[in-house]
**Q** 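To start, I am sharing the structure in question, which I have written as structure tokens.
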2 protein chains.
Amino acid sequence: MSDSYHHGNLRQALIDAGMKIINESGEETLSLRKVAALCEVSHAAPYAHFKDKEELIEAIQSHVTDQFMKELEKAVNEAPTSEKALVDMGRSYVAFFMRRPDYFKFLFSGQNIVAHIQPGKDHPEDYPPFVLLKNTYLDYINENGIKRTKDEQEVDILKLWASAHGLASIACMSGVEVSFDWEKKISTEELLR
Amino acid sequence: MSDSYHHGNLRQALIDAGMKIINESGEETLSLRKVAALCEVSHAAPYAHFKDKEELIEAIQSHVTDQFMKELEKAVNEAPTSEKALVDMGRSYVAFFMRRPDYFKFLFSGQNIVAHIQPGKDHPEDYPPFVLLKNTYLDYINENGIKRTKDEQEVDILKLWASAHGLASIACMSGVEVSFDWEKKISTEELLR
DNA sequence: CACGCATCTTTACACTGTCAAGATAGCCGC
DNA sequence: GCGGCTATCTTGACAGTGTAAAGATGCGTG
């Protein structure tokens with residue numbers, strides 16, 4: 001622990017270093033050699049923990065997704081009703097990426113967009129934010145006695161997801177312009193239908 | 001023309017070569033030197049036409065956006081009513097990217113997402129697809145005598161855009177999974193409200 | 001015709017990801 | 001406690017990348 005590293009917890013240090021670089025100078029400046037240097041370790045050391053640059057990036061993406069999930073869960077848990085939970089989750093979804101457009105680009109850019117959909121890589125229905133949305137939605141329709149067929153449910157969820165994700169995407173794509181006060185304009189009910 | 005090039009229309013040739021590489025082996029394999037090689041030209045030749053790799057990419061993106069716009073316009077023009085035009089445009093929007101997920105990644109990935117929003121780079125409201133959407137929407141509410149305040153109009157448009165773009169994004173992100181038959185599930189009316 | 005300028009080539013450099021071969025050291029069975 | 005195994009890390013090398021500087025080339029305009 002004292003002179004830790006060297007034999008300590010590289011891997012996590014590499015992930016942290018990666019986050020630092022992204023935060024300070026943007027994703028496009030991230031390189032294997034820089035993270036290695038930041039950890040004061042040779043440029044090939046990362047290969048003991050990640051087979052690829054790709055794999056390092058996926059690990060960092062998972063880390064960002066964790067932060068993202070914390071905010072979504074917070075929004076859901078603090079909401080008084082399941083309806084408000086659904087709406088607030090949407091707000092948090094967009095708000096998170098409007099605060100950190102670079103994170104949006106980092107998570108949903110390039111070839112690795114699917115990859116960091118953590119455990120079941122080929123099963124996006126395991127993507128944590130999606131799972132949370134689904135559960136919150138089910139709570140909502142159950143608690144309010146709303147009857148929907150399976151198909152209708154899928155459509156509802158997809159629409160909720162798509163509008164939040166689309167808004168986030170547009171906001172992050174077009175820089176400042178779309179970041180007018182969307183919260184005031186898109187009301188609670190609007191988001192729900 | 002005969003032995004054209006060398007002094008002919010490089011620039012366009014570079015863009016075409018770039019498209020070819022992207023189509024054949026994906027965006028991530030695109031490099032300045034490869035496009036140059038494909039045009040049988042030295043690796044620094046592109047710098048006579050583009051100050052940057054970035055600038056080449058923007059030109060290629062514009063080219064893709066042109067194709068995209070052609071499809072959107074076709075959908076709008078062929079629709080019998082302005083209402084159907086609005087819906088079909090949404091369909092085309094998603095369909096285009098579901099057919100070419102690589103184009104989605106190429107257009108909306110990395111640092112250059114804003115850049116190719118062609119003429120007024122810092123004014124996304126000039127982004128051609130957005131303009132088309134806006135006009136189609138205005139036709140729709142005018143022809144049907146629908147009264148909406150300016151603010152409501154903005155929200156309507158943003159919602160339409162966000163759901164189409166979000167759907168496209170989700171479809172392209174998560175690979176195959178979301179590409180269940182959404183056309184059947186998301187009906188005309190659904191897309192409109 | 002000659003000049004200028006856009007275009008293109010050559011050369012060079014720093015940086016990148018990746019790999020192979022070797023060093024190092026902690027942990028295991030004995 | 002000791003020898004070896006294995007995970008970890010270093011060193012050195014290589015091909016590919018973007019980019020800049022300096023020179024060649026040739027077309028169009030004066």
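For clarity, every value in this text was computed on a predicted model and none was experimentally measured. Labels below follow one simple rule: chain letters A, B, ... track the order of the sequence lines, proteins then strands, and each chain is numbered from 1.
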**Q** Is there a ring-ring contact (aromatic ring centres under 6.0 Å, His included) between Phe130(B) and His165(B)? Walk through the geometry before answering.
**A** CA-CA 11 Å; Phe130(B) 177 76; His165(B) 190 79; over 10 Å; no
**Q** How many whole angstroms separate atom NE2 of His49(B) from atom P of dA6(C)?
**A**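 Roughly 12 Å, once rounded to whole Å.
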**Q** Kindly indicate, with the supporting measurements, whether the criterion side chain to side chain donor-acceptor pair (under 3.5 Å) is fulfilled by Asp156(A) and Tyr140(A).
**A** CA-CA 12 Å; Asp156(A) 287 346; Tyr140(A) 165 66; over 6 Å; no
**Q** Look at the aromatic rings of Phe97(B) and Phe108(B) and report parallel, tilted or perpendicular, splitting at 30° and 60°.
**A**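 The rings of Phe97(B) and Phe108(B) stand perpendicular, inter-plane angle above 60°.
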**Q** How far apart are the closest heavy atoms of Ala79(B) and Asp88(B), and which atoms are they?
**A**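 Looking at all heavy atoms of both residues, the shortest contact is CB-OD2, 4.2 Å.
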**Q** Is the ring pair Tyr93(A)/Phe68(A) parallel, tilted or perpendicular, if the boundaries are 30 and 60 degrees?
**A**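 Taking Phe68(A) first and then Tyr93(A), their aromatic rings stand perpendicular (interplane angle over 60°).
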**Q** Check step by step if side-chain contact (heavy atoms from CB on, under 4.5 Å) holds for Lys84(A) and Thr81(A).
**A** CA-CA 5 Å; Lys84(A) 189 134 194 342; Thr81(A) 72; 3.4 Å; yes
**Q** Are Arg99(A) and Glu71(A) within salt-bridge range, i.e. N to O under 4.0 Å?
**A**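 Answer for the salt bridge query: yes.
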**Q** Would you tabulate the pairs of protein nitrogen or oxygen atoms and nucleotide nitrogen or oxygen atoms of nucleotides 17-19 of chain D closer than 3.5 angstrom?
**A**
unit_1  : atom_1 : unit_2   : atom_2 : d
dT17(D) : OP1    : Ser31(B) : OG     : 3.2
dG18(D) : OP1    : Leu32(B) : N      : 3.0
dG18(D) : OP1    : Lys53(B) : NZ     : 3.2
dG18(D) : OP2    : Leu32(B) : N      : 3.0
dG18(D) : OP2    : Arg33(B) : N      : 3.4
dG18(D) : N7     : Arg33(B) : NH1    : 2.5
dG18(D) : O6     : Arg33(B) : NH1    : 2.9
dT19(D) : OP1    : Asp52(B) : OD1    : 3.0
dT19(D) : OP2    : Tyr47(B) : OH     : 2.9
dT19(D) : OP2    : Lys53(B) : N      : 2.9
dT19(D) : O5'    : Tyr47(B) : OH     : 3.1
dT19(D) : O4     : Arg33(B) : NH1    : 3.3
dT19(D) : O4     : His43(B) : NE2    : 3.4

**Q** Please list, in numerical order, the residues of residues 14-24 of chain B that have a heavy atom closer than 4.0 Å to any atom of DNA chain C.
**A**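 Heavy-atom cutoff 4.0 Å gives no residues at all.
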**Q** Rounded off to whole Å, could you give me the CG-to-C1' distance for the Leu10(B) and dT9(C) pair?
**A**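 Whole-Å distance recorded here is 13 Å.
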**Q** Roughly how far apart are Leu30(A) CG and Ile60(A) CD1, rounded to 0.5 Å?
**A**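 Separation between the atoms: 5.0 Å.
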